[in-house]
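The next block holds one structure in the form of structure tokens; read it before the comments.
Here is the naming used below: chain letters follow the sequence lines, and residue numbers restart at 1 for every chain.
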2 protein chains.
Amino acid sequence: MSNRQPTLDEVAERAGVSRGTVSRVINDRHHVSAKARLAVQSAIAELGYVPSMAARSLASQRRGAVVLAISSDDPALFANLFFAEVIAGVNAVIEETDLQLLLVLAASERGRSRLARILQSRGADGVMLLALRENDPLAKVAEAGGVPVVHGGRPLDGTPRWYVDADNRGGARQAVEHLVATGRSRIATVTGPQDLNAGVSRYLGYREAMALAGLSDHRVAHADFTEAGGAAATSRLLDEHPDLDAVFVASDAMAAGALGVLRERGRTVPGDVAVVGFNDVRAAQHTRPALTTVRQPIIALGREMTRMLVRLIDGEEPTPLILPTELVVREST
Amino acid sequence: MSNRQPTLDEVAERAGVSRGTVSRVINDRHHVSAKARLAVQSAIAELGYVPSMAARSLASQRRGAVVLAISSDDPALFANLFFAEVIAGVNAVIEETDLQLLLVLAASERGRSRLARILQSRGADGVMLLALRENDPLAKVAEAGGVPVVHGGRPLDGTPRWYVDADNRGGARQAVEHLVATGRSRIATVTGPQDLNAGVSRYLGYREAMALAGLSDHRVAHADFTEAGGAAATSRLLDEHPDLDAVFVASDAMAAGALGVLRERGRTVPGDVAVVGFNDVRAAQHTRPALTTVRQPIIALGREMTRMLVRLIDGEEPTPLILPTELVVREST
DNA sequence: GTTCAGACTGTAACCGCTCACAGAAAAGCC
DNA sequence: GGCTTTTCTGTGAGCGGTTACAGTCTGAAC
């Protein structure tokens with residue numbers, strides 16, 4: 001059944017031309033007469049010819065594939081809507097090209113060496129990198145591969161040449177400004193991990209907005225982007241600053257935890273305390289009260305990373321991109 | 001910087017042997033003297049040699065890659081923890097091999113033809129298929145590729161030769177038996193879509209358990225696995241069968257909807273009505289009351305699919321696999 | 001001391017495509 | 001019509017491996 005696929009030579013013979021001409025038609029090159037092109041095209045159609053990736057990439061020295069490397073291989077961490085949405089965005093662009101998408105989950109040493117092998121075996125024409133912590137060795141591995149690397153989100157240490165990031169700082173500022181505008185002044189924040197750019201930038205945005213509004217920004221608790229962490233941080237916040245009337249929580253998961261603690265502690269939301277989250281994950285609509293939050297264009301992040309990488313592969317020189325965020329006001333403010 | 005990678009010939013020369021011998025060492029074949037093997041190995045280490053995927057797959061006619069095809073390219077649908085967890089499981093096994101993982105999101109015609117191209121260009125040694133609805137054309141495309149195909153979950157029409165599935169029927173039966181054991185007898189069910197195997201099997205399990213317990217299984221409402229659908233179905237159920245004292249809901253998302261409706265209608269859970277869900281998504285712990293549910297081993301699903309595919313590629317003949325589910329009792333029963 | 005099986009090694013023919021180069025055909029010019 | 005350009009086409013040498021085959025070398029058996 002699995003009859004040998006036809007080869008370029010068979011197409012050439014059938015079309016009555018030479019191998020070179022068929023190759024030119026396939027790769028849409030100039031210097032092919034209309035007649036020859038037509039003959040080749042119909043031969044291809046009749047034979048159901050599809051060029052062999054392997055032969056093509058051996059001869060041309062490019063691979064026709066890119067890798068999406070995610071710095072996480074703990075299933076619990078990877079199993080995260082964020083990644084799923086990024087992948088959806090990446091896929092949307094990949095589909096328009098004839099590139100293939102290689103997925104590498106690479107937080108461990110093992111995963112990293114897999115990526116290194118792929119790159120060294122000329123296995124990909126480019127890399128997209130996601131979710132890097134401070135000093136993540138994955139970045140070095142990727143950069144050493146000799147192919148373009150696009151970062152999703154800036155790593156904390158140093159700014160890579162090419163990246164796409166959400167406007168974390170601006171979004172945080174927006175959120176806090178909204179709180180100020182609705183009459184809050186003793187505004188606290190629960191931050192994300194401070195070894196992650198998103199954590200730092202959102203905290204920075206909070207401080208900027210507070211400074212601009214002439215408010216004190218000392219009501220701070222650091223957490224880790226998880227629901228439990230958010231709950232604990234909120235608890236500390238209430239202990240230390242019982243007067244707070246609003247809290248900007250740097251992720252929706254943490255905000256869910258915060259809402260729970262506020263309820264337990266007898267504070268009404270948004271009556272006593274207004275709450276703003278960050279990310280706009282689907283669950284944000286289902287908290288009670290529904291969460292006001294900053295929407296991050298995650299799918300667009302994936303899409304734009306991929307566009308940027310494709311441009312790099314084509315030899316262009318794109319510039320880094322910061323995607324705008326958007327405040328979504330619901331019931332919690 | 002991107003200095004040409006060393007080739008096999010350079011390794012051969014440095015080791016003072018022929019190309020063939022180097023190849024044998026790399027592929028761990030017999031008939032290589034210890035001396036030659038050692039010389040080659042150190043030459044490889046010194047040169048940092050990594051074989052070229054492209055050349056190797058051209059010559060050997062295998063690709064060193066498998067594709068995971070997901071029948072969904074609507075970002076909203078794909079952005080689903082289910083898929084993320086499957087991918088995590090797949091990755092865990094892939095990491096142990098030297099296979100690469102190609103991801104194809106293929107619900108549309110375009111996605112499907114991409115998969116077809118990959119297979120026809122001998123771009124993969126095997127395919128894993130996920131989330132097929134009745135008559136999903138993706139299945140045909142995959143089967144036509146001439147490489148082994150492993151299904152994740154049985155499609156509704158026909159049983160594929162190789163698949164891994166969760167024990168949907170058994171899990172449903174377990175759930176209902178639990179309700180019976182805790183003293184319920186007027187047990188209703190909200191089903192999933194009946195063009196999806198999971199929907200049908202869970203309904204079947206419900207009916208089996210009811211029959212075994214000698215109870216009537218006529219309290220049924222069909223829905224679509226979404227929260228809104230589950231809410232609407234529960235509403236209908238309460239209208240038509242106000243006497244029900246328990247409901248087995250075929251997914252957690254639908255169960256969340258059901259809990260909302262029950263609360264609105266003034267029924268206490270589990271006092272008046274016990275509720276069991278299915279899947280054990282993370283959110284199930286956060287509903288109020290926390291949801292009793294059937295845990296599906298999603299990561300294991302990905303893992304076992306991949307193991308099965310690897311065996312097939314190695315020429316073995318694995319048998320289909322049904323993974324056990326597990327009842328997780330929380331507050332709603 | 002032959003003979004011979006068996007372990008090792010080298011050789012060379014592919015695998016299916018790309019691409020630089022050279023030759024042929026067509027077009028443009030005087 | 002001859003000559004130069006320009007456009008098209010064929011040719012052949014790789015790309016970097018795998019693998020069948022043939023040859024070499026060993027030690028054991030006779």
Side-chain angles (χ1 to χ4, degrees), chain A residues 2-41 43-44 47-65 98 117-123 125, chain B residues 2-41 43-44 47-65 98 117-123 125:
Chain A
S2 164
N3 281 323
R4 246 181 65 279
Q5 292 282 333
T7 71
L8 205 162
D9 297 80
E10 295 171 77
V11 173
E13 189 180 2
R14 176 160 197 136
V17 300
S18 77
R19 228 164 53 236
T21 301
V22 176
S23 177
R24 271 166 223 131
V25 171
I26 290 170
N27 295 298
D28 208 28
R29 284 258 201 323
H30 301 303
H31 303 312
V32 177
S33 66
K35 180 160 140 264
R37 165 164 289 124
L38 227 60
V40 170
Q41 280 166 343
I44 287 177
L47 260 36
Y49 168 75
V50 176
S52 150
M53 273 279 316
R56 175 184 289 213
S57 61
L58 177 58
S60 68
Q61 302 291 34
R62 32 197 139 70
R63 179 41 158 56
D98 50 3
R117 270 189 85 81
I118 291 180
L119 297 181
Q120 283 172 47
S121 67
R122 297 66 119 212
D125 298 324
Chain B
S2 164
N3 281 326
R4 245 183 65 278
Q5 293 281 335
T7 71
L8 203 158
D9 297 82
E10 296 172 61
V11 174
E13 188 180 3
R14 175 160 198 138
V17 300
S18 76
R19 231 162 52 233
T21 302
V22 176
S23 177
R24 270 165 223 131
V25 171
I26 290 171
N27 296 297
D28 209 27
R29 285 257 201 324
H30 301 301
H31 303 312
V32 177
S33 67
K35 181 161 140 267
R37 164 166 290 125
L38 227 59
V40 169
Q41 280 166 344
I44 287 178
L47 259 36
Y49 168 76
V50 177
S52 149
M53 274 281 316
R56 175 182 286 209
S57 60
L58 177 58
S60 68
Q61 304 289 36
R62 33 197 138 70
R63 177 44 158 54
D98 50 3
R117 272 188 83 80
I118 291 179
L119 297 180
Q120 284 172 44
S121 67
R122 297 66 119 212
D125 298 325

Open item on the list: When you measure from the side-chain N and O atoms of T7(B) to the phosphate of dG16(D), is any distance below 4.0 Å, counting only OP1 and OP2?
Closed with: no
Open item on the list: In whole Å, I'd like the distance from the CD atom of Q5(B) to the C1' atom of dG17(D).
Closed with: 15 Å
Let me check something: any side-chain donor-acceptor pairs from residues 32-40 of chain A under 3.5 Å, sequence neighbours excluded? List them with distances.
residue, atom, partner, partner atom, Å
S33(A), OG, A36(A), N, 3.2
R37(A), NH2, R29(A), O, 3.3

- [ ] Mind checking salt bridge (Lys or Arg N to Asp or Glu O under 4.0 Å) for R14(B) and listing every partner two or more places apart, or none if nothing turns up?
- [x] E46(B)
Open item on the list: Tell me whether the side-chain N/O atoms of T21(A) come closer than 4.0 Å to OP1 or OP2 in dG10(D).
Closed with: yes
Task: Straight-line distance of I44(B) CD1 to L8(B) CG, nearest 0.5 Å - done: 8.0 Å
Task: Whole angstrom value for the distance that separates C1' of dG16(C) from CZ of R122(B) - done: 8 Å
Open item on the list: What's A54(B) touching, base or sugar-phosphate or nothing? Going by heavy atoms closer than 4.0 Å.
Closed with: nothing
- [ ] Look at the side-chain N and O atoms of S33(A) and state whether any lies under 4.0 Å from the OP1 or OP2 oxygen of dT9(D).
- [x] yes
TODO: Report yes if a side-chain nitrogen or oxygen of Q61(A) is closer than 4.0 Å to either non-bridging phosphate oxygen (OP1 or OP2) of dG14(D); otherwise report no.
DONE: no
- [ ] Report, as yes or no, whether the 6.0 Å neighbourhood of atom CD on Q120(B) holds more than 12 heavy atoms from other residues, nucleotides or ligands.
- [x] yes
Task: Side-chain ion pair, D9(B) and R19(B), N-O less than 4.0 Å - done: yes
- [ ] Kindly calculate the angle separating the two end axes of the helix from dG1(C)-dC30(D) to dC30(C)-dG1(D), each obtained from five base pairs, and round it to 10 degrees.
- [x] 50°
- [ ] Please report, rounded to the nearest Å, how far the C1' atom of dA7(C) is from the CZ atom of R37(B).
- [x] 13 Å
Open item on the list: If I take atom CG in residue L38(B) and atom P in nucleotide dC8(C), what distance separates them, rounded to the nearest angstrom?
Closed with: 14 Å
- [ ] With rounding to the nearest 0.5 Å, note down the distance linking CD in Q5(A) to OG1 in T7(A).
- [x] 10.5 Å
Open item on the list: In whole Å, I'd like the distance from the CD atom of E13(A) to the P atom of dG10(D).
Closed with: 13 Å
Open item on the list: In whole Å, I'd like the distance from the CG atom of D28(B) to the C1' atom of dG17(D).
Closed with: 17 Å
Task: Whole-Å distance separating the CD atom of Q120(A) from the C1' atom of dG16(D) - done: 16 Å
TODO: Summarise protein proximity over nucleotides 19-27 of chain C in one line of letters, 5' to 3': B for base, S for sugar-phosphate only, - for none, counting protein heavy atoms closer than 4.0 Å.
DONE: SB-------
TODO: Can you tell me the distance, in whole Å, between the CZ atom of R63(A) and the P atom of dC17(C)?
DONE: 16 Å
Task: With sequence neighbours excluded, residues passing salt bridge (Lys or Arg N to Asp or Glu O under 4.0 Å) with D98(A) - done: none
Task: Short side-chain N/O contact from R56(A) to OP1 or OP2 of dT18(C), under 4.0 Å - done: yes
Open item on the list: Tell me every residue that passes side-chain hydrogen bond (donor to acceptor under 3.5 Å, both in side chains) with R122(A), counting only those two or more places apart in sequence or in another chain.
Closed with: none
TODO: Please tell me which of H31(B) and V22(A) maps to the more 5' nucleotide of DNA chain C, matching each residue to the nucleotide holding its nearest heavy atom.
DONE: H31(B)
Task: V32(B) side-chain proximity, nearest of dG17(D), dT9(C), dC17(C) - done: dT9(C)
Task: Least distance between heavy atoms, V22(B) atom then V11(B) atom - done: CG1-CG1, 3.9 Å
Which side-chain N or O atoms in residues 48-56 of chain B pair as donor and acceptor under 3.5 Å with protein atoms at least two apart or in another chain?
residue, atom, partner, partner atom, Å
S52(B), OG, A54(B), N, 3.3
S52(B), OG, A55(B), N, 3.1

